Amino acid sequence: MTAETFTHNLTSEYVDNNTRVRRVCPCGYESQPWTVVPGHPNLISDPNACPNDDTIRSLVTLQFASGGLVDAKPVDGWAVHLVRGAYRGTPGPTLCGIDRFAPGSAGWSVGGGVSGPGITHTPCVGCADVARRDFPGLPVVGSVGRREMAAALAAVNA
């Protein structure tokens, strides 16, 4: 899966003699029509994203861990992985290919993870390689490991 160039353009159109509105997108998505409420703001240029838009917009940090909320321990050192970030969430495996939804897999935190004094997060080399190859220039987001991963991507690109 690579970054897409197709842009979804969710707009609104009036139907049924201008008494109802529905959202439409060039991809074919059409919402159910709803009744126009007098005084409602103009719905012709609705800024909401199309539910079918899977465009990858960012790369999000992820850390695998075991244990609970308070006693979590990373399962692969302090490795920080990356997943694709889209309007509809973070679909699929890590960029290095770990299926985080597989039965029996470790727990994981998207954007977060284990942090604290003396902890140095290590960017996953496999995720970084795929990010450089397939998603150049996309922002890296997340509260845990973002700086380290962004620095690792920039160091090779410099």
Side-chain angles (χ1 to χ4, degrees), residues 1-12 22-32 41 43-158:
M1 182 184 309
T2 59
E4 298 176 23
T5 57
F6 179 78
T7 302
H8 290 263
N9 184 19
L10 190 63
T11 59
S12 296
R22 72 174 170 201
R23 292 191 178 121
V24 296
C25 181
C27 74
Y29 168 78
E30 291 185 4
S31 72
Q32 294 294 320
L43 296 172
I44 295 299
S45 58
D46 192 326
N48 293 332
C50 174
N52 292 334
D53 187 355
D54 287 330
T55 304
I56 306 305
R57 302 187 182 286
S58 64
L59 300 174
V60 186
T61 61
L62 176 141
Q63 190 178 56
F64 290 98
S66 64
L69 183 62
V70 177
D71 62 346
K73 303 281 186 248
V75 297
D76 53 356
W78 301 107
V80 173
H81 297 272
L82 291 172
V83 291
R84 298 153 187 87
Y87 277 136
R88 298 192 310 171
T90 56
T94 62
L95 295 188
C96 67
I98 299 172
D99 182 359
R100 58 192 165 127
F101 300 106
S105 69
W108 41 267
S109 177
V110 172
V114 180
S115 63
I119 294 175
T120 302
H121 296 103
T122 306
C124 169
V125 174
C127 287
D129 288 345
V130 173
R132 281 187 216 97
R133 184 190 71 220
D134 294 348
F135 304 101
L138 282 184
V140 175
V141 299
S143 62
V144 171
R146 176 188 53 78
R147 282 190 308 254
E148 293 87 348
M149 184 60 82
L153 295 176
V156 173
N157 293 332

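All values derive from a computational prediction rather than experimental measurement.
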| Taking only residues two or more places apart in sequence, or in another chain, which ones meet V75 in a side-chain contact (heavy atoms from CB on, under 4.5 Å)? | F64, S66, A106
| query | What pair of heavy atoms forms the shortest contact from A152 to P123, and how long is it? | reply | CB-CG, 3.8 Å
| task | Over all heavy atoms of both residues, which pair between V80 and V144 is shortest? Give the atoms and the distance, please. | result | CG1-O, 4.1 Å
| query | Given the rule in the side chain to side chain contact (heavy atoms under 4.5 Å, CB included) test, do T61 and L82 qualify, once you have shown the distances and angles that lead to the verdict? | reply | CA-CA 5 Å; T61 61; L82 291 172; 4.3 Å; yes
| request: Mind checking the CD1-CG spacing from I98 to L62? Nearest 0.5 Å is all I need. | output: 8.5 Å
| field | Rounded distance [0.5 Å steps], CG in D134 versus CG in L95 | value | 8.0 Å
| query | About how many Å separate CG of L59 and CE of M149, when rounded to the nearest 0.5 Å? | reply | 9.0 Å
| W78 vs T120 side-chain heavy atoms within contact, under 4.5 Å | no
| Do T122 side-chain atoms and A79 backbone N/O form a donor-acceptor pair below 3.5 Å? | no
| query | Can you tell me how far OG of S58 sits from CZ of R84, rounded to the nearest 0.5 angstrom? | reply | 12.0 Å
| request: Could you pull out the closest heavy-atom pair between Q63 and H121, with the gap in Å? | output: NE2-CD2, 3.5 Å
| request: With sequence neighbours excluded, give me every side-chain hydrogen bond (donor to acceptor under 3.5 Å, both in side chains) pair touching residues 93-118. | output: T90-R100
| Does R147 have any side-chain contact (heavy atoms from CB on, under 4.5 Å) partners at least two apart in sequence or in another chain, and if so, which? | none
| At their closest point, which heavy atom of G126 faces which heavy atom of C96, and how far apart are they? | C-CB, 3.8 Å
| task | Output yes when a side-chain donor or acceptor of R132 lies under 3.5 Å from a complementary backbone atom of C127, and no otherwise. | result | no
| request: Please name the pair of heavy atoms, one in R57 and one in P139, separated by the smallest distance, quoted to 0.1 Å. | output: O-CD, 3.6 Å
